[in-house]
Amino acid sequence: MNQILSFDKRVCEIVSRIPFGQVATYGQIAELMGSYGSARQVGWSLRRLPISSEVPWHRVVNAKGHISMNPNREGSDWMQREMLIEEGIPVDASCTVPLKEYRWRPVDSNWLIDN
DNA sequence: AGAATGACGCTGA
DNA sequence: TTCAGCGCCATTC
């Protein structure tokens, strides 16, 4: 039934459940949506997502806890760093987040499955 | 329909 | 432990 929803739609659903002050990885999200291995597509979906979106896309980083810096984003990656700091996450000068402490744990969160 | 792209991840050296 | 290479898989051309 989740399959009826488009890929990016599911990405939005998962990302929207990331608690404030915590972060998740692309692979983690892909796994949660039942598509382990499609971590790249998660980033692909977030890419077409508008900055003004309600989805906290800034809480998504790669497995190394590092913000993906890409030219086509034209600085939105640096904005992501600022937004994370706003939430109290100590982002390193090289845009690295201490996943060890701030990584989102779905099992600990209230997994309000509505789909 | 087939090939290329890419906000990633894992394995091997 | 760190670095480079290959693989995944949905979307786009």
Side-chain angles (χ1 to χ4, degrees):
Chain A
M1 359 220 129
N2 298 8
Q3 285 72 6
I4 63 176
L5 299 174
S6 61
F7 194 90
D8 64 336
K9 179 65 178 179
R10 281 182 287 171
V11 173
C12 293
E13 291 296 320
I14 301 296
V15 176
S16 298
R17 296 189 175 95
I18 301 176
F20 181 92
Q22 289 188 307
V23 296
T25 66
Y26 295 98
Q28 185 177 1
I29 294 172
E31 186 178 10
L32 287 174
M33 59 194 297
S35 296
Y36 178 79
S38 20
R40 311 194 74 170
Q41 281 55 249
V42 176
W44 202 283
S45 296
L46 294 179
R47 179 191 178 199
R48 54 178 290 175
L49 209 62
I51 304 299
S52 58
S53 176
E54 299 296 333
V55 181
W57 53 269
H58 56 278
R59 294 175 190 162
V60 184
V61 296
N62 60 25
K64 295 180 294 300
H66 186 266
I67 299 175
S68 299
M69 309 290 284
N70 264 39
N72 62 34
R73 297 181 63 178
E74 296 192 357
S76 68
D77 40 24
W78 287 99
M79 186 180 74
Q80 177 177 3
R81 173 175 171 278
E82 295 299 323
M83 294 177 76
L84 288 175
I85 295 176
E86 288 293 324
E87 297 192 358
I89 300 176
V91 183
D92 188 79
S94 55
C95 297
T96 303
V97 179
L99 277 179
K100 193 174 182 179
E101 301 179 18
Y102 293 87
R103 190 182 193 193
W104 175 39
R105 296 182 177 179
V107 61
D108 294 343
S109 303
N110 293 337
W111 183 244
L112 304 179
I113 302 177
D114 51 84
N115 47 36

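So that the names make sense, note that chain A is the first sequence line, chain B the second, and so on, each numbered from 1. We use all heavy atoms of the structure for the numbers below, so side chains are in, but hydrogens, waters and symmetry mates are not.
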What's touching nucleotides 11-13 of chain B from the protein side, N or O pairs under 3.5 Å?
none

**OP:** Strictly below 4.0 Å, heavy-atom distances to any atom of DNA chain B: list the hits from residues 81-103 of chain A, or just say none.
**Re:** none
Subject >> Atom pair distance, as rounded to whole Å: NE2 in A:H66 and P in C:dC3 >> reply: 12 Å
Original post:
Is there a donor-acceptor contact under 3.5 Å linking the side chains of A:E86 and A:H58?
Top reply: no
Original post:
Which heavy-atom pair separates A:I67 from A:D77 by the least distance, and what is that distance?
Top reply: CG2-O, 3.8 Å
Subject >> Shortest non-hydrogen contact between A:L99 and A:A63, atoms and distance >> reply: CD1-O, 3.3 Å
Subject >> Donor-acceptor under 3.5 Å (A:H66 side chain, A:S94 main chain) >> reply: yes
Original post:
Rounded to the nearest 0.5 Å, what separation is found between the OG atom of A:S16 and the CZ atom of A:R59?
Top reply: 9.0 Å
Original post:
Is it true that a side-chain atom of A:R73 and a backbone atom of A:S68 form a donor plus acceptor pair closer than 3.5 Å?
Top reply: yes
**OP:** Grab the NZ-P distance between A:K64 and C:dT2 for me, whole Å please.
**Re:** 12 Å
**OP:** Identify whether any heavy atom of A:S45 sits under 4.0 Å from a base atom; if not, whether one sits that close to sugar-phosphate; answer base, sugar-phosphate or nothing.
**Re:** nothing
Original post:
Does CD in A:E74 sit with more than 12 non-hydrogen atoms of other residues, nucleotides or ligands closer than 6.0 Å?
Top reply: no
Original post:
Is there a donor-acceptor pair closer than 3.5 Å between any side-chain N or O of A:N62 and the backbone N or O of A:G65?
Top reply: yes
Original post:
Does A:R48 make a side-chain N or O approach to OP1 or OP2 of C:dT12 shorter than 4.0 Å?
Top reply: yes
Original post:
Atom OH of A:Y26 to atom P of C:dG7: distance rounded to whole Å?
Top reply: 23 Å
Subject >> Residues which pass side chain to side chain contact (heavy atoms under 4.5 Å, CB included) with A:A24, listed by chain and number, not counting sequence neighbours >> reply: A:I18, A:Q28, A:I29, A:W104
Identify the pairs formed between an N or O of the protein and an N or O of nucleotides 8-10 of chain C at a distance under 3.5 Å, and give each distance.
residue, atom, partner, partner atom, Å
C:dC9, O4', A:Q41, NE2, 3.4
C:dC9, O2, A:Q41, OE1, 2.7
C:dC9, O2, A:Q41, NE2, 2.9

Subject >> Shared-cluster residues of A:W44, by chain and number - hydrophobic side chains joined below 4.5 Å >> reply: none
**OP:** Whole angstrom is fine here: how far is it from CG in A:D77 over to P in B:dC8?
**Re:** 11 Å
Can I get a per-line list of side-chain donor-acceptor pairs under 3.5 Å for residues 32-42 of chain A, giving both atom names and the distance, sequence neighbours left out?
residue, atom, partner, partner atom, Å
A:S38, OG, A:S35, O, 2.4

